[in-house]
Structure formats: structure tokens, C-alpha cells
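The residues of the chain are indexed from 1 along the displayed sequence. Note that ligands are numbered from 1 as they come in the structure, with each ligand's atoms numbered from 1 the same way.
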Amino acid sequence: MGARLGAGQILLRPLPKGLSAPRPQAMTAQPPTLRPTLRLVLGDQLNPLHSWFAQVRPDVVYVLMEVRSETDYVRHHAQKVLGIFAAMRDLAAQLKAAGHRVRHVAIDHPSNRQSLTANLDALIAHYGAGAVQYQAPDEWRLDQQLREWAAACPVPVTMVDSEHFLTERDEAARWFASKKTWLMESFYRQQRKKHRVLMTADGKPEGGQWNFDADNRKPWPGTPAAPADTRPCHDHSALWQSIEAAGVQTLGQPQASAFRWPLNRQEALQQLDHFIDHALPHFGDFQDALTSQHWHLFHSLLSFALNTKMLHPREVVQRAEAAWREGHAPLHAAEGFIRQILGWREYVRGVYWAHMPGYTEANALAHTRPLPEWFWTGNTRMACLASAIGQSLEHAYAHHIQRLMVIGNFALLAGLDATALHRWYLGIYIDAFEWVEAPNTLGMSQWADGGQLATKPYVSSAAYLQRMGDHCKGCAYNPKARTGDDACPFNALYWDFFDRHRAHFQHNPRLGVVYHQLSRMSGEALTALQEQSARTLARLSDL
Ligand code: FAD
């Protein structure tokens, strides 16, 4: 297990190359020692197939902790805290049942010092530990915290691979080093080739094209029926009471007595089966659709299981590819889904590690307007936002188009504070961990990184929302009107956004049509839109 190190030294083992399976490592049996090794398992490292667990070793104690330093760095959704703690408890129980030594530190245990490093210090003393090991954290915050702690630790500390991702932390940075822009598509094609996913025997993309994005943009007419929610249901009421008693502040509905997010890998695999069987065939068509009728449509709900490492991205990608090869799902569905995981997910992780620290403070458009109160209640008359935020509070989940083209779209048009918005997204979603949330929020959604990730801002007027969904039908606002009391706020905000940010966007070739339309607008029409926008921004809380 890594080289022997002196006190205070940390060995950073290189992450392995290629698409390697989370395979058990052959380990030489070691005699029990009086000075055990502590192995820290973080709350998003719940992979029971990690090679650490391949052998039962009496000289190793696995440590899982529920701590306030993790519940409090941002205000999380109640289901996120519950889901992670419940899954940690489940893994701890599984490891114990398999014969491993486990120390699980509960949130309300009197010995809990409520920080990872303070607890590690106490546990080193308690066990007389001779070494500490941890898996590479995915968040810069934790990576830094553990490195600093390790540098002063009286026993050797080793960081090992989490054996989760398909690419190395710096792989995207290396790929883009010689390129002008960080185009996701070029990285994705490289990953398809490297991992031989959806490729023909002679090295061409299946179907003759790399990307079927154009086939992924249909609105949903109400048929086929969206799959039922078959996720298991657990009663976590007792755990919720402990979390509340410990004083953890959360947002959203806990749904503790009928909790639906997977507790372990077995349940996550059932969710994967269900998705492949019932939703994947239609995922491609309706990937970008919006509807008030169904809260997840044909989306997989797999992000929590993936980000906590209950599932490996490789197995998810392989299942989708196999479904296409077996004729169960069309190519544009399998490709569209695989692109999200092999492409976007690995790519945003690369963006994150290439630009941290500092990325989370990015605010290229200098947006500072406070988030309106309805971000915490869903109580707005704009039907699309009420639905997207309402379901986020209810389920700790919104699908991609709700996050990007409803909530993010509005926030960007309204110039909402980029950092506050980042913290909101980081808290509210069950799958929100900074490595994936920050590039999506600040890069893709808010253009706060100055266009490093997105070649143009993802914004639209009401026309797009009306085309892609059914919310406008039941909305208090008129999607066709640009001005007046009942005009959909997206319309005037849209034109005002491009007008006030000319310096950033008017020479962007992808926005030629927008600026052409603006140039043809009469001065009076533009003034009317600016005034409408100003009135809207002045009463954001009342919209
Ligand atoms: P599906 O639509 O079924 O997609 C399958 C999988 O692809 C997802 O589970 C996810 O692992 C991956 N994926 C899809 N899109 C992306 C993407 N843009 N980036 C990375 N992975 C992707 N995803 C998170 O996992 N955590 C976040 O905190 C997060 N924050 C976001 C914030 C904003 C503003 C936006 C626009 C997107 C965010 N995403 C985030 C990406 C995406 O919206 C979610 O991954 C997706 O909605 C999760 O639902 P699902 O599992 O049903 O996904």
C-alpha cells in the first residue's frame, strides 16, 4: 500500500491511466499489527467494490464520519444530508458484516469533534494508529484540507485513487493544453476513441456521426408515458431526528419517512436497470423537454448514485451501449445519454481541477443582485420557475433543462449574484458536489468564467420555453408579450441582457442573429424593453 513515509509526509499516488475497472487488488496478507492503519471513507466515496475492501485486514480500521464541517459549509437540502448519512451507515454495516473493522462516527455521538481532521486526530490517538490513508477527494476544499492536515500529521498519510472516474484529474487540461478553446465535443470524441465506446471496428463513430444532439430536442407531447418512479422507499425518520437534534440547518423537504434515494449499490443497480429498460429508449428524443406533468420525464435519476460512487460511470456507459447493440434503444438515445457521462461529466471535472482554486469566485459579468426569496419557497407566478424550484425543494432534484434553461436562464438574465447562485445549486440538489456543480453553474449556466466552458450564454426568451414545454399554458404571464404587466419576464430581460452586455457578446459569431435583431429594433422599442426590464428587476420578489 504505497511507500513507507516519515511522519508528516504525504504520498500522492498517481491516478491510474485508462478505463480501469474498480478491480480488487491482489494484496499480500499482512500480520495484525499493534498500530493499525486508519482508512478514511468520505461521504461521496461509497463504493463497496473499491480495492480497499477486497481483503479483510485486521490491521485496518475503516472510518466513516458524519460531521458538521461537511453539513455546514453550505446549506444543503435535507434529503442530501439524509441520503448521504443513510448510505454511509449502510456501507458501514455492510463492511462490518463482511468482517472489516469499522468506526462509524454518528452526528450526535458525544465523541464527535465535528470535523474530519479533528476526528482523525482523536482516532489516531484512540487506536494508536501507525498510518492514515484516504481516497482522492473530488472537491478542492477537501483535497486542500486533508493535504494541510497530512503535512502536520504525526503518522504517515497516503492518498490513493478513488478508482471511480474514466479520466485522470488533469487529463482534460492536458488534452486542451495545445488547443485554443475547451470544446467539450473534442474531449468527448477523444474519450469515445480511447475507451472504444460506440465505435465501429475500423475506428469510426457508430451511425457515421459523433453526436446526435440535433435529434435530442423534441418537446414531450404527453406520450409515451414517462416511466413510473420505482425507487425503493425507506423510513429514515430516526436518522432525521438525530440530524435535527444535532442542529444541522437544511432546506427543502426531508421526506424522511418515505425516502426514495438509493441506500447502496444494490439499489442503485436496480435504478440503473429500470432506467435502461423503461426510460433510455426515449431519453434521446425528450432529453431537452420541459413539462409540468412529470418531474423527471425520461431522465435517469442516477446522478446521486454516480456521484457517491455507488455506481461506476463505466458500467453505466456500457449498459447504455449494450442496450443499443441489442436493439433495445435507438442510437441517438444511447449516444445522447453516453455523451452526458463519458463527455460532460468527465469534462466538467477536468475544468474544475484545471481552474481551482479561484473558479468558484468567478463572476465575469459582475452580477450581484440578491436571489429573490422564492428561490427558497418556489412561490412565484412564473409557472416554469415555480415548477422547477418547487420540485427541487420537494425532491432535491431538477433535470438538466430545468437547471439550465429555466432556473439558470432566469438567474443569468436577471443578473443574480453568481456566487450566491453557486451556493444555492451546491446546496439544493442531491447530486451537488462542487467538482460537478461549479463548472455547470458558473461555467455552463452563468457564463461567470468568461466563456471558458460555454461558447455562448445559455439564455432564451419565453419562445424557447413555450416551444419545449407546457408551463406557459397555465402561467399568469403571457409568453408572447414583451411589455406590459402580464408580459413574461423572460422576454424583456432577454433583450436587456444582450443590450447591456454588448461588450462581452456582440462580436460572438454564435450570437450574430441576436445582435442583428437588436440592431434592427427601433430606439423606442429598445427603450420600452429596457424600462420593462428595469421594472421587472425592481420587483423580483413579487414576480
Ligand atoms: P440524466 O439526464 O439522466 O443524465 C445522466 C447522467 O449524466 C447524470 O446522472 C450525470 O451523471 C451526467 N450528466 C448529465 N449532464 C451533465 C452535466 N452537464 N455535467 C455533468 N454530468 C452530467 N450534475 C451533478 O451531478 N451535480 C450537480 O451539482 C449539478 N449541478 C448542475 C447545475 C447546473 C446549473 C446545471 C445546468 C447542471 C448541473 N448538473 C449537475 C448536470 C445535470 O443537470 C445533472 O447531472 C442531471 O440533471 C442529473 O440528473 P439525472 O441523473 O437524471 O441525469
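- The side-chain contact (heavy atoms from CB on, under 4.5 Å) search around Ala268 returns Pro262, Ala305, Met310, Leu311, not counting sequence neighbours.
- Each of the atoms 9 (O), 51 (O) of ligand 1 lies under 4.0 Å from some heavy atom of Leu302.
- Protein heavy atom nearest atom 30 (N) of ligand 1, with residue, atom name and distance: Arg403 NH1, 3.5 Å.
- In the candidate list Leu311, Ile430, Asn440, Asn409, Asn440 is nearest to atom 31 (C) of ligand 1, counting heavy atoms.
- By the 3.5 Å distance cut-off applied to N or O atoms, His299 is counted among the residues near ligand 1.
- Residue-level proximity to ligand 1 for Asn307 is carried by the side chain, the only part with a heavy atom below 4.0 angstrom.
- Those atoms of ligand 1 that come under 4.0 Å of a heavy atom in Ser445, given as number and element, are 34 (C).
- A salt bridge links Asp143 and Arg169; the closest N-O separation between the charged side-chain nitrogens and carboxylate oxygens is under 4.0 Å.
- Contacts of Pro439 with ligand 1, taken as heavy-atom pairs under 4.0 Å, are absent altogether.
- With a 4.0 Å heavy-atom cut-off, ligand 1 is reached by the side chain of Leu306 but not by its N, CA, C or O.
- Here the protein heavy atom with the shortest distance to atom 43 (O) of ligand 1 is His400 ND1, 2.9 Å.
- Ligand 1 lies less than 4.0 angstrom from a heavy atom belonging to Phe283.
- Nearest to atom 27 (C) of ligand 1 among the protein's heavy atoms is Asp431 OD1, 3.3 Å.
- Val436 CG2, 3.6 Å is the protein heavy atom nearest to atom 23 (N) of ligand 1.
- With a 6.0 Å cutoff to the six-membered ring centre and a 45° limit on the axis angle, Lys80 does not count as a cation-pi contact of Phe85.
- The N/O atoms of Tyr425, backbone and side chain alike, include none that comes under 3.5 Å of an N/O atom in ligand 1.
- With a 4.0 Å cut-off on non-hydrogen atoms, Phe337 touches ligand 1 through its side chain and not its backbone.
- Of all atoms in ligand 1, listed by their number and element, those nearer than 4.0 Å to a heavy atom of Leu301 are 50 (P), 51 (O), 52 (O).
- Trp261 and Tyr397 have tilted rings, their planes meeting at an angle from 30° to 60° on a 0 to 90° scale.
- Counting atoms of ligand 1 from 1 in the listed order, those under 4.0 Å from a heavy atom of Leu404 are 36 (C).
- Checked against salt bridge (Lys or Arg N to Asp or Glu O under 4.0 Å), Arg217 has the following partners two or more places apart in sequence or in another chain: Asp213.
- Proximity of Leu342 to Phe187: side-chain heavy atoms (C-beta onward) are nowhere separated by under 4.5 Å.
- Annotation for ligand 1: atoms under 4.0 Å from non-hydrogen atoms of Ala432 are 27 (C), 28 (O).
- A salt bridge is defined here as a Lys NZ or Arg NE, NH1 or NH2 lying under 4.0 Å from an Asp or Glu carboxylate O, and Glu66 with Arg89 meets this definition.
- Between Tyr397 and ligand 1, a contact under 3.5 Å exists for at least one N or O pair.
- The protein non-hydrogen atom at the shortest distance from atom 16 (C) of ligand 1 is Trp344 CB, 4.1 Å.
- Nearest protein neighbour of atom 15 (N) of ligand 1, counting heavy atoms only, is Gln340 OE1, 3.4 Å.
- Heavy-atom contacts of Ala398 reach the following atoms of ligand 1: 47 (O) (cutoff under 4.0 Å).
- Counting non-hydrogen atoms of neighbouring residues, nucleotides and ligands closer than 6.0 angstrom, the CD atom of Glu185 exceeds 12 such neighbours.
- The pair Asp417-Arg423 fails the salt-bridge criterion, with no side-chain N (NZ, NE, NH1 or NH2) lying under 4.0 Å from an Asp/Glu carboxylate O.
- Salt-bridge formation is not detected for the pair Arg349/Glu171: no Lys NZ or Arg NE/NH1/NH2 atom is positioned less than 4.0 Å from an Asp or Glu carboxylate oxygen.
- Contacts with ligand 1 closer than 4.0 Å are made by heavy atoms of both the backbone and the side chain of Ser300.
- By the 30° and 60° cut-offs, the orientation of the rings of His501 relative to His367 is tilted.
- Looking at Met444 against ligand 1, only its side chain comes within 4.0 Å, counting heavy atoms.
- Considering only non-hydrogen atoms, atom 9 (O) of ligand 1 lies nearest to Ser303 out of Gly443, Gly336, Ser303.
- Put simply, the residue from Tyr347, Trp175, Trp210 that forms a side-chain hydrogen bond (donor to acceptor under 3.5 Å, both in side chains) with Ser186 is Trp175.
- The shortest contact between atom 6 (C) of ligand 1 and any protein heavy atom is with Ile341 CG1, 3.7 Å.
- Note on ring orientation: taking the six-membered ring where Trp is involved, the planes of Tyr359 and His355 are tilted (angle from 30° to 60°).
- Aromatic ring pairs are classed by plane angle as parallel below 30°, tilted from 30° to 60° and perpendicular above 60°; the pair His278 and His274 is tilted.
- In this structure, Gln270 contributes its side chain and Arg231 its backbone to no donor-acceptor pair below 3.5 Å.
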